[in-house]
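The structure presented is a predicted model; accordingly, all values stated were derived computationally and were not measured.
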Amino acid sequence: MDDLPEIWKAYLAGYIDGAKLVSTLAWVGSRRAVRTVYPPAGSVFRAFELVPPERVRAVILGQDPYHEPGQAQGLAFSVPAGTPLPPSLKNIFKEYCDDTKNPLPASGDLSGWARTGVLLLNTVLTVDAGSAGSHARRAGWEAFSDGVVRALNEKGEKIAFLLWGNHAAAKRPLIDETKHLAVVSAHPSPLSARRGFFGSRPFSRVTAFNGMNWIGEA
């Protein structure tokens, strides 16, 4: 829990159970002792390091981290610069270009989006190597991500929540849509992108809602 920035610990007080989070991290630590877990231990809370709570203008919510080597970096859907784009990120960029008419981002590192106010959050923050969904409903991350959404919903102003896929869409009841924007669509993976992600226009809808400018931010 030490890796979660102090400003977020204070912001989330009353919304997350500290003891449960410690238990979650202990469970993940026990997995790391016997197998490879992504992202690396020091990167689990990187999304929170790059944007303080008062600057969050949008939340992109996915499922769980990439489970192949060299991809997961603690930011939902993001990969380090120079890393080949995973299929889901290729589809995100296709929709981004079609929606905004902006050029293709230079790399798959989305830390630029994070620094301008996008919290790149997964419902589950860790995963076993090569095994998608392996920590879902086991580690306890869902309670943590619920708490983050609840806190932002109650304390934030005009936040756009982009809920991509069924795991993310399950958070919709936590969002007050008289105050915030919820953009719910299929997951951008090749298995589902054509069933509601493509054409959902999430980026321009966020801009129309709170004025966020995506140009040059990825």
### Message
Is it the case that the side chain of Lys179 and the backbone of Lys158 share a donor-acceptor pair, with hydrogens and angles ignored and the cut-off at 3.5 Å?
### Response
no
### Partners passing side-chain hydrogen bond (donor to acceptor under 3.5 Å, both in side chains) against Ser189 (at least two apart in sequence or in another chain)
Ser192
### Task
Side-chain contact test, heavy atoms from C-beta onward, threshold under 4.5 Å: evaluate it for Phe48 versus Leu119 and give yes or no.
yes
### Message
Using side-chain heavy atoms (C-beta onward) and a distance below 4.5 Å, is Val59 in contact with Leu162?
### Response
no
### Task
Find the distance between OG (Ser30) and CZ (Arg35) and round it off to the nearest 0.5 Å.
8.5 Å
### Query
Do Phe161 and Val183 come close enough that some side-chain heavy atom pair is under 4.5 Å?
no
### Task
Tell me, with the steps shown, if Ser200 and Glu95 meet side-chain contact (heavy atoms from CB on, under 4.5 Å).
CA-CA 8 Å; Ser200 61; Glu95 180 64 18; 4.3 Å; yes
### Summary
Smallest heavy-atom separation, Lys101 atom then Asp98 atom, equals NZ-O, 2.8 Å
### Query
What heavy-atom pair brings Ser78 and Leu110 nearest, and what distance separates the two atoms?
OG-N, 2.8 Å
### Message
Within the 4.5 Å heavy-atom criterion, are Arg57 and Val118 side-chain neighbours or not?
### Response
no
#### Entry: Between Trp164 and Phe77, ring centroids under 6.0 Å
yes
### Arg194 atom CZ, over 12 foreign heavy atoms within 6.0 Å
no
Taking distance alone, no hydrogens or angles, what donor-acceptor pairs closer than 3.5 Å link side-chain atoms of residues 79-93 to residues at least two apart or in another chain?
{"residue": "Thr83", "atom": "OG1", "partner": "Pro80", "partner atom": "O", "Å": "3.0"}
{"residue": "Asn91", "atom": "ND2", "partner": "Pro188", "partner atom": "O", "Å": "2.7"}

#### Entry: Minimum side-chain heavy-atom gap Thr24-Val22 below 4.5 Å
no
### Query
Is there a side-chain contact between Gln71 and Tyr38, using heavy atoms and a 4.5 Å cut-off?
no
### Task
Give the intermediate values and the outcome of side-chain contact (heavy atoms from CB on, under 4.5 Å) for residues Val44 and Asp3.
CA-CA 8 Å; Val44 172; Asp3 291 333; over 6 Å; no
### Query
If two hydrophobic side chains count as joined below 4.5 Å and joins carry through other members, does Tyr15 share a cluster with Leu4?
no
### Query
Are the charged groups of Glu49 and Arg46 less than 4.0 angstrom apart, N to O?
no
### Task
Could you state whether Ile159 and Ile7 fall into the same hydrophobic cluster, counting links through intermediate Ile, Leu, Val, Met, Phe, Trp or Tyr residues with side-chain heavy atoms under 4.5 angstrom apart?
yes
### Check: Ser204 main-chain N/O paired with Asp99 side-chain donor or acceptor under 3.5 Å
yes
#### Entry: Straight-line distance of Leu174 CG to Leu163 CG, nearest 0.5 Å
9.5 Å
### Task
List the atom of Ser185, the atom of Gly196, and the distance in Å for their closest heavy-atom pair.
CB-O, 3.5 Å
### Query
Given side chains that start at C-beta, do those of Pro202 and Arg205 come closer than 4.5 Å, heavy atoms only?
no
### Task
Run the ring-centre check on Phe203 versus Phe209 and record whether the distance is less than 6.0 Å.
no
### Task
Treat each ILVMFWY residue as a node, draw an edge where side-chain heavy atoms are under 4.5 Å apart, and state whether Leu191 and Tyr66 are in one component.
no
### Query
Can a donor-acceptor pair be found between the side chains of Asp176 and Thr178 at a distance below 3.5 Å?
yes
### Task
Using a strict cut-off of less than 4.0 Å between a Lys/Arg side-chain nitrogen and an Asp/Glu carboxylate oxygen, indicate whether Glu177 and Arg172 qualify as a salt bridge.
yes
### Taking every non-hydrogen atom, the tightest pair across Asp109 and Gln73
OD1-OE1, 3.6 Å
### Message
Quick check: do Ser111 and Leu75 have side-chain heavy atoms less than 4.5 Å from each other?
### Response
yes
### Task
Answer with yes or no after comparing the ring centroid distance for His187 and Phe197 against a 6.0 Å cut-off, counting only values under it.
no
Anything under 3.5 Å between a donor and an acceptor, one on a side chain of residues 121-130, the other on a protein residue two or more places apart or in another chain? List them.
{"residue": "Asn122", "atom": "OD1", "partner": "Gln63", "partner atom": "N", "Å": "3.3"}
{"residue": "Thr123", "atom": "OG1", "partner": "Gln63", "partner atom": "O", "Å": "2.9"}
{"residue": "Thr126", "atom": "OG1", "partner": "His135", "partner atom": "ND1", "Å": "2.7"}
{"residue": "Thr126", "atom": "OG1", "partner": "Trp141", "partner atom": "NE1", "Å": "2.8"}
{"residue": "Asp128", "atom": "OD1", "partner": "His135", "partner atom": "NE2", "Å": "2.6"}
{"residue": "Asp128", "atom": "OD2", "partner": "Arg31", "partner atom": "NH2", "Å": "2.4"}

### Message
Minimum heavy-atom separation for Ala160 and Asn210, please, with both atom names.
### Response
N-ND2, 4.3 Å
### Query
Hey, does the Lys NZ or Arg CZ of Lys20 hover above the aromatic six-ring of Phe144, less than 6.0 Å from the centre and inside 45° of the axis?
no
### Closest contact, heavy atoms only, Thr116 versus Arg55
CA-NH2, 4.0 Å
### Task
Check whether the side chains of Arg138 and Ser134 place a donor and an acceptor atom closer than 3.5 Å, and report yes or no.
no
